Every structure is written in C-alpha cells, then in structure tokens.
Amino acid sequence: MIITKDMLNKKVPKEMLPSSFDSATDLYTNTKDGLILYNIKPDTWNILYPFFQQENKFMINPYKIENPDITYRELIDLYEDIYNREYVSKRGFNEDKRKRVLVEEFNKVFNVNGTKIGEKLDSHYELKYSKSKNVYTLYYLESYIASDIEDVNKLLGQKVYSQELLNLNDDSIMKEINGIKVVDSLSLLDDADKLRIVRKNILD
C-alpha cells in the first residue's frame with residue numbers, strides 16, 4: 001500500500017504497525033520492446049519488478065514502534081530520522097552514492113557496462129505485508145531511469161532472472177503479464193507525466 005498525501009494525518013491501524021524498516025532503489029530500463037521487468041523470486045514472490053538494489057541498502061529488522069497511536073506522517077518522520085542518521089550520515093549513502101551503487105550492482109548482476117542514470121522518476125513510502133512472516137514493513141522506494149547502456153540486446157537476453165516486457169504504448173498500464181502480477185509500485189505509471197518521462201528514455 002502506497003502512503004499518499006491524503007493519508008498522512010490518519011492513524012496507522014494497530015494491526016498494520018510495521019515491525020521492520022526497509023528500502024528499495026530501483027532502475028527502470030525502457031527499450032523499444034517495452035519496460036524490462038524481472039521475476040526475481042518466482043518460487044516465493046512470483047511478482048514482476050523493475051531491477052532493484054539488493055546490496056548495501058538501508059534495513060532495520062526487527063523494529064519496535066513505541067507509540068501505538070502513530071499517524072502515517074509521524075511514522076514517515078520516524079523512518080526519515082533513522083534513515084538520515086544511520087544510512088546517510090553514518091554510512092555516507094547520500095543520493096549520489098545510492099545511484100552509484102545501484103548502477104554498479106546492475107552492471108555486475110547482468111554483466112553489462114556503460115549504464116547511466118538519466119532522471120529520478122519518483123520516491124514514496126509503502127507499507128507492505130508479508131504473508132510468510134505475518135508482519136508489515138515500511139519501505140522507502142526511489143525510482144530512477146536508465147538513460148544509456150552499452151549493449152541492450154545483452155540485457156534483453158540475460159539469463160539471471162526470468163523477464164517480461166511491459167508495453168508502455170497503452171495509456172492503461174497492465175497489472176499482470178502472462179499470469180504474473182506486476183508489482184504495486186508500478187502504479188506510479190498511471191500518472192501521465194511519469195509515464196511520459198519513462199517513454200522518452202528509450203535504450204537502443
């Protein structure tokens with residue numbers, strides 16, 4: 001569930017209080033054939049994602065929320081305070097470094113080179129429920145768009161993850177491809193301005 005502006009002053013339901021904090025920095029790779037999505041853990045998650053950073057990220061597990069009557073705004077403020085202190089200040093992960101390690105991990109995973117980030121597409125908070133662990137986690141998600149890569153065909157032909165191509169030519173973004181659900185955060189492309197930004201950054 002994406003936390004929207006109209007939710008900020010509402011209280012987080014007690015049964016949805018997160019017991020961990022996490023983050024994800026993802027890279028949108030749009031080609032002439034579509035946006036590349038990956039089924040990273042088909043046996044457990046079985047959801048299609050853009051590539052996201054799995055190493056060197058911010059994560060606290062477990063975490064105890066002391067105030068059971070916290071609002072979504074207060075929850076985000078709490079997260080940001082810890083994130084900025086522990087991840088940005090102490091470990092040096094400012095935005096430039098976060099983008100750098102995202103590109104480095106992307107190049108390493110798919111054995112490609114020359115990847116560059118063009119624009120920041122979005123950042124938001126999500127409250128996600130894990131069925132396997134029966135807990136909620138608060139995520140901070142940052143999305144960037146790749147503006148260049150040396151060998152797109154190599155990326156399209158990679159064997160690391162099962163992949164699908166999301167057609168961005170339609171105004172309505174598909175929520176499922178070949179029976180596999182597309183991750184909820186891709187709903188940000190329902191915004192016409194964001195969709196236009198991704199469309200214009202085509203890798204070739």
Side-chain angles (χ1 to χ4, degrees), residues 1-28 37 40-41 44-103 105 117 119-145 173 175 181-198:
M1 176 183 71
I2 295 175
I3 299 175
T4 56
K5 288 182 179 179
D6 62 312
M7 297 170 60
L8 293 177
N9 292 325
K10 297 178 181 178
K11 290 186 178 180
V12 181
K14 290 182 174 60
E15 66 274 14
M16 294 176 65
L17 288 173
S19 57
S20 61
F21 291 156
D22 209 333
S23 63
T25 305
D26 53 32
L27 187 63
Y28 281 57
L37 301 178
I40 295 171
K41 293 186 178 181
T44 51
W45 298 350
N46 200 34
I47 297 176
L48 294 167
Y49 294 83
F51 176 83
F52 64 89
Q53 176 191 353
Q54 299 181 63
E55 301 174 0
N56 298 306
K57 65 176 186 169
F58 170 76
M59 182 172 60
I60 296 179
N61 183 30
Y63 187 85
K64 173 68 174 176
I65 302 291
E66 299 295 338
N67 177 14
D69 294 318
I70 197 168
T71 65
Y72 286 100
R73 185 189 303 276
E74 291 168 338
L75 180 61
I76 289 173
D77 287 344
L78 175 63
Y79 183 110
E80 287 183 344
D81 180 64
I82 300 171
Y83 181 92
N84 288 325
R85 183 178 66 248
E86 300 297 329
Y87 192 56
V88 178
S89 295
K90 289 186 178 179
R91 295 179 58 189
F93 278 85
N94 58 21
E95 185 169 355
D96 284 343
K97 184 172 182 178
R98 295 195 299 272
K99 290 193 292 186
R100 187 170 69 251
V101 298
L102 173 63
V103 167
E105 185 175 329
I117 287 176
E119 299 183 59
K120 183 173 185 176
L121 179 65
D122 183 72
S123 62
H124 66 268
Y125 288 87
E126 285 191 31
L127 200 52
K128 290 190 175 185
Y129 175 69
S130 169
K131 290 182 181 179
S132 60
K133 298 179 181 178
N134 191 31
V135 296
Y136 279 90
T137 298
L138 179 65
Y139 282 85
Y140 172 57
L141 287 92
E142 289 181 307
S143 300
Y144 296 93
I145 304 174
I173 299 301
K175 306 302 180 186
K181 183 182 175 184
V182 171
V183 67
D184 291 342
S185 60
L186 272 169
S187 63
L188 65 90
L189 295 183
D190 291 333
D191 181 291
D193 290 334
K194 289 184 170 62
L195 179 57
R196 186 161 48 249
I197 291 170
V198 178

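All of these numbers come straight from a predicted model, not from anything done at the bench.
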Residue set satisfying side-chain contact (heavy atoms from CB on, under 4.5 Å) with Lys14, at least two apart, ordered chain then number -> Pro68, Asp69
| said: Any heavy-atom pair between the side chains of Leu27 and Pro50 that's under 4.5 Å? | reply: no
Separation between CD (Glu105) and CZ (Phe51), nearest 0.5 Å, reads 4.5 Å
By salt bridge (Lys or Arg N to Asp or Glu O under 4.0 Å), Asp193 pairs with (sequence neighbours left out) Arg196
The side chain to side chain donor-acceptor pair (under 3.5 Å) partners of Ser19 (sequence neighbours excluded) come to none
task: Please report the C-alpha distance between Val182 and Leu37 in whole Å, then the side-chain angles of each, then the deciding distance to 0.1 Å, and finally whether the side chain to side chain contact (heavy atoms under 4.5 Å, CB included) criterion is met.
output: CA-CA 8 Å; Val182 171; Leu37 301 178; 4.3 Å; yes
Do Tyr144 and Glu95 have a side chain donor and acceptor closer than 3.5 Å? yes
With sequence neighbours left out, the residues meeting salt bridge (Lys or Arg N to Asp or Glu O under 4.0 Å) with Lys194 are Asp122
Open item on the list: Let's go through Ile197 and Glu119 carefully: what are the C-alpha distance in whole Å and the side-chain angles of both, what is the deciding distance for side chain to side chain contact (heavy atoms under 4.5 Å, CB included) to 0.1 Å, and is it a yes or a no?
Closed with: CA-CA 8 Å; Ile197 291 170; Glu119 299 183 59; 3.7 Å; yes
query = Going through the distances and angles, do Thr71 and Asn9 end up as a side chain to side chain contact (heavy atoms under 4.5 Å, CB included)?
reply = CA-CA 6 Å; Thr71 65; Asn9 292 325; 5.7 Å; no
| field | Met59 atom CE, over 12 foreign heavy atoms within 6.0 Å | value | no
The side-chain contact (heavy atoms from CB on, under 4.5 Å) partners of Glu66 (sequence neighbours excluded) come to Lys64
With sequence neighbours left out, the residues meeting salt bridge (Lys or Arg N to Asp or Glu O under 4.0 Å) with Glu74 are none
Practice item. Please say whether more than 12 non-hydrogen atoms of neighbouring residues, nucleotides or ligands are located less than 6.0 Å from NZ in Lys11. Key: no
Rounded to the nearest 0.5 angstrom, the OG-CG distance for Ser185 and Leu141 is 5.5 Å
Exercise. Could you tell me whether the side chain of Gln54 reaches within less than 4.5 Å of the side chain of Ile40, counting heavy atoms only?
Key: yes
Taken in chain and number order and not counting sequence neighbours, the residues that satisfy side chain to side chain donor-acceptor pair (under 3.5 Å) with Lys120 are Glu142
Check: Hey, mind stepping through Tyr49 and Ile47 against side chain to side chain contact (heavy atoms under 4.5 Å, CB included) and telling me if it holds?
Finding: CA-CA 6 Å; Tyr49 294 83; Ile47 297 176; 3.7 Å; yes
d(Glu86 CD, Phe21 CZ) to nearest 0.5 Å is 12.0 Å
Smallest heavy-atom separation, Tyr139 atom then Ser23 atom, equals CD2-N, 4.0 Å
Ser187 meets the side-chain contact (heavy atoms from CB on, under 4.5 Å) criterion, sequence neighbours left out, with Ile2, Lys175, Asp190
Scanning both residues in full, the closest heavy-atom pair of Pro18 with Ile65 reads O-CG1, 3.4 Å
Hits for ring pair (Phe, Tyr, Trp, His ring centres under 6.0 Å) against Tyr28, two or more places apart or cross-chain, chain-then-number order -> none
Could you tabulate the donor-acceptor pairs under 3.5 Å formed by side-chain atoms of residues 75-83, not counting sequence neighbours?
from, atom 1, to, atom 2, distance (Å)
Tyr79, OH, Asp22, O, 2.6
Glu80, OE2, Tyr125, OH, 3.1
Asp81, OD2, Arg85, NH1, 2.8
Tyr83, OH, Arg98, NE, 3.2

In this structure, CD of Glu55 is separated from CG of Leu102 (nearest 0.5 Å) by 11.5 Å
task: Would you indicate whether the side-chain heavy atoms of Val183 and Leu48 approach each other to under 4.5 Å?
output: no
Distance col, row Asn61:CG vs Thr137:OG1, nearest 0.5 angstrom, shows 6.5 Å
Taken in chain and number order and not counting sequence neighbours, the residues that satisfy side-chain contact (heavy atoms from CB on, under 4.5 Å) with Lys10 are Tyr72
Distance col, row Lys41:NZ vs Asn46:CG, nearest 0.5 angstrom, shows 13.0 Å
Heavy-atom nearest pair, Glu126 first then His124, reads OE2-NE2, 2.9 Å
For Asp184, the salt bridge (Lys or Arg N to Asp or Glu O under 4.0 Å) test, sequence neighbours excluded, returns Lys181
Does the side chain of Leu121 reach to within under 4.5 Å of the side chain of Leu189, using non-hydrogen atoms? yes
Scanning both residues in full, the closest heavy-atom pair of Met16 with Leu127 reads O-CD2, 3.6 Å
